[in-house]
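Taking it in order: structure first as structure tokens, then the write-up.
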Amino acid sequence: MAVPNIGDLVTTTLRHRSAAIADNVSNNNALLMRLKKKKRMSTVEGGTEILEALDFADNETYKRYTGYEVLDISPQMVLDSARYTWKQVAIVVSISGSEEFMNSGREEIHNLLSARIKNAERSAANGMSADVYSNGTASGGKQITGIQAAVSTSPSTGTYGGINPASQDWWRNIASSPTGAPDKATMKKRLQDVWVQLVRGQDMTDLVVMDNAYYALYWDGLTDFQRYGNTEKSAGAGFGSALKFNTADVVLDGGVGGDMPANRAYFLNTDFMALKAHKDRNMVPLGPDRFAVNQDAMIKIIGWAGALCLSNRRLQGVLTHS
């Protein structure tokens with residue numbers, strides 16, 4: 001006979017695996033893996049937007065003085081916030097009445113659900129990976145606003161985080177686009193030209209993600225003195241992460257079916273980057289079981305809502321070529 005509590009089985013199985021779904025999403029993408037390891041994947045409680053505090057200017061009251069010399073006590077406007085719009089993602093696991101009664105017992109149904117949930121995990125991971133490297137325009141702008149928008153090849157145009165970089169030059173990332181494709185002899189120089197623009201004291205790039213072509217060129221041109229990092233500690237283990245550039249891990253986030261844009265290297269300071277999700281929408285099953293009105297079927301929705309946020313755009317960079 002059919003298992004009477006199939007709804008409970010779907011719900012409890014998904015709740016048990018919701019953390020695994022979120023982990024699988026982060027482990028499928030070198031950037032998200034780095035954010036997870038640096039505890040830059042977090043949850044927030046709500047609000048109409050996600051606000052990210054910005055420290056965008058120096059306090060100009062710094063003054064050298066002697067004796068009773070007058071000090072500058074003028075108020076300083078040094079803080080602001082970037083505003084990020086909530087983006088939502090859903091993936092559905094379903095089971096029909098016939099699938100329920102044709103399975104002989106709870107264990108058989110559990111095996112069917114397990115296979116479908118694993119497929120949902122993989123599909124969600126692939127979708128989130130594509131979104132993280134996106135420009136946020138897919139699905140009529142409902143897509144996560146990803147790295148192509150955050151670290152733009154045209155950093156003085158468009159609005160990002162609610163701030164217009166055309167009038168706020170401190171909110172522009174570094175972009176370099178030399179003429180002509182690089183080769184193994186010129187690749188290092190091009191990378192170095194971007195690197196030096198992104199160092200601010202001890203703040204510097206910690207992760208460089210590359211597409212297939214750039215990664216292969218860089219690897220081919222390395223010397224024995226700067227070839228490998230520590231693969232055990234690298235944030236991108238499993239992503240070709242044994243390479244280093246200065247102190248940063250260099251990671252291939254292309255490969256077969258990768259979502260990195262072609263001919264691109266992103267220089268990321270992940271101390272100023274975060275993937276924030278709503279506490280009740282972090283790859284978890286949503287609401288009660290849903291039974292179709294005009295179908296013999298039950299579905300369960302796995303949901304996510306959040307945004308990829310930057311708190312310092314100036315310390316991020318991109319290298320491509322024209």
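One N or O on the side chain of S134 and one on the backbone of D131 form a donor-acceptor pair closer than 3.5 Å. R83 places no side-chain N or O within 3.5 Å of a backbone atom of E49 that could act as its donor or acceptor partner. Using a distance-only test at 3.5 Å, with no hydrogens or angles considered, a donor-acceptor pair links the side chain of K87 to the main chain of G141. For W86 (side chain) and G47 (main-chain N/O), a donor-acceptor pair under 3.5 Å exists by modelled atom type. Within the 3.5 Å criterion, the main-chain N or O of S74 finds a donor-acceptor partner in the side chain of Q76. Between the side chain of T205 and the backbone N or O of L207, no donor-acceptor pair lies under 3.5 Å. Side chain of H278 to backbone of W304: no donor-acceptor contact under 3.5 angstrom is found. Side chain of D253 to main chain of V209: no donor-acceptor pair is present (N/O by atom type, distance under 3.5 Å, no hydrogens or angles). A donor-acceptor contact shorter than 3.5 Å is absent between the side chain of R40 and the backbone of L32. Remark: the backbone N or O of T320 is not paired with any side-chain donor or acceptor of N263 at under 3.5 angstrom.
Through ILVMFWY side-chain contacts below 4.5 Å, Y62 is grouped with nothing and stands alone. Residue Y68 is found outside any hydrophobic cluster, as its side-chain heavy atoms come under 4.5 Å of no other Ile, Leu, Val, Met, Phe, Trp or Tyr.
Aromatic rings of W195 and F245 (six-membered ring for Trp) have centroids within the 6.0 Å cut-off, being under it. For Y266 and Y214, the distance between ring centers is not under 6.0 angstrom.
A salt bridge links D206 and K38; the closest N-O separation between the charged side-chain nitrogens and carboxylate oxygens is under 4.0 Å. The residues E52 and K276 are annotated as salt-bridged, a charged nitrogen and a carboxylate oxygen being separated by less than 4.0 angstrom. In this structure, D169 does not pair ionically with R314, as no charged nitrogen and carboxylate oxygen lie closer than 4.0 Å.
Scored by the ring pair (Phe, Tyr, Trp, His ring centres under 6.0 Å) test, F272 finds no partners at all (sequence neighbours excluded).
One finds the CG atom of L319 at 5.5 Å from the OG atom of S176 (value rounded to the nearest 0.5 Å).
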Before you tell me yes or no, could you show the steps for E69 and K63 under salt bridge (Lys or Arg N to Asp or Glu O under 4.0 Å), namely the whole-Å CA-CA distance, both residues' side-chain angles and the distance that decides it to 0.1 Å? CA-CA 10 Å; E69 190 173 348; K63 181 178 180 178; 3.5 Å; yes
Please lay out, stage by stage, how D72 and T61 fare under the test side chain to side chain donor-acceptor pair (under 3.5 Å). CA-CA 5 Å; D72 183 358; T61 64; 5.9 Å; no
In sequence, state the C-alpha distance, the side-chain angles, and the governing distance for S123 and N126, and then conclude on side chain to side chain donor-acceptor pair (under 3.5 Å). CA-CA 5 Å; S123 301; N126 290 339; 5.8 Å; no
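A166 and R172 get closest at one heavy-atom pair: O-NH2, 3.1 Å. When all heavy atoms of R116 and S94 are compared, the pair lying nearest together is NH1-O, 2.7 Å. Nearest heavy-atom pair, R190 versus A181, reported as atom, atom and distance to 0.1 Å: NH1-C, 3.9 Å. Taking all atoms of both residues into account, the shortest heavy-atom contact from R313 to S152 is NH2-CB, 3.8 Å. Here the closest heavy-atom approach between residue V93 and residue I302 is recorded as CG2-CD1, 4.1 Å. Minimum heavy-atom separation, S98 to D296: N-OD2, 4.1 Å.
Counting heavy atoms of neighbouring residues, nucleotides and ligands inside a 6.0 Å radius, atom CG of L71 exceeds 12 of them. Summarising the local packing, CD of Q88 is surrounded by 12 or fewer heavy atoms from other residues, nucleotides or ligands at distances under 6.0 Å. The neighbour count for K142 NZ, taken as heavy atoms of other residues, nucleotides or ligands under 6.0 Å away, does not exceed 12.
Evaluated for a side chain to side chain contact (heavy atoms under 4.5 Å, CB included) with N269, the options D203, V199, N312 yield exactly one hit, D203.
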